[in-house]
Amino acid sequence: MYLAELTSHRFVELREQGVNTVLIPIGMLEAHGEHCALGTDTLIPREFARRLEPLVGDKVVIAPEIPYGHSWGLAPFPGTLDIPGQVFADYVTAVGTQLVKQGFRYVILLNGHGGNMAALTLVSERLSDLGAVVLSINWWVDYRDLIVEHAPEFGHAGEDETSCVLAIDPKLVEMEYAHRHISEAPKKIRFRGLQKLTYPHANNGDATKATAEKGEAIYKALIPAILRDIEEMWSYTPNA
Ligand SMILES: [Zn+2]
């Protein structure tokens, strides 16, 4: 079920029935190569939520997504809206805090964007301090062993992400602008201008190999893994 579609009355009823798990899809508006939709990092978590809803929607309330995030790495590229990391961390913490105050004891952060990860670690710690059990999922990292079976040339707007967007709607991708690029820039060194050296076409991996079929296979492989992680989360007892 979707939080935004519940009435206040129904919300109280669900709380009395013991429904205490919320899932927040978290994304970004950011250049994804020259070929993939700017909202890719929001579209994919939204798609995971859509596919999870018929399976666990009676126990997991899906909150409205957070579509803006933090991206130092892709900030110089057209279409990226880079929210400062501290502001993003505080905002998501505030949303999560309200959800905990409203009775949720299990919080799933379903993230689609690498630049959000450091901030979401802080968010997870702060919500845990409020007594919640937090499941923090970065899908392309946490389930990479499953992803590489279908899209070995993964990366930002690479084979995996582009395939996942094609599976949602091929109109969201302009495959004629897809590139292959493997970054060799050092991860330990940071300076202004590094971004375009690292990602000359705002992507990493091989987007030219992406297909809707591979995207569909990735969703099919990951949904059971996410369900297992949710079950494991429920095996832990919240503090409050
Ligand atoms: Zn992305």
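The first residue in the sequence is number 1, and the count goes up from there. First listed ligand is number 1; within each ligand, the first listed atom is number 1. Quick caveat, the model's predicted, so the values are computed rather than measured.
When Trp139, Tyr143, Phe48 are each tested for a ring pair (Phe, Tyr, Trp, His ring centres under 6.0 Å) with Tyr219, only one passes: Phe48.
Taking the N/O/S atoms of Asp41 in turn, the shortest distance to the Zn ion (ligand 1) belongs to OD1. Summary: OE2 is the N/O/S atom of Glu161 found nearest to the Zn ion (ligand 1).
Salt bridge annotation for Asp129-Arg126: absent, with no cationic side-chain nitrogen under 4.0 angstrom from a carboxylate oxygen. A salt bridge is absent between Arg50 and Glu53: the closest approach of a Lys/Arg side-chain nitrogen to an acidic carboxylate oxygen does not fall below 4.0 angstrom.
With 2.8 Å as the limit, Cys36 does not count as an N, O or S neighbour of the Zn ion (ligand 1).
Side chains of Val173 and Thr162 form a contact here, defined as non-hydrogen atoms less than 4.5 Å apart.
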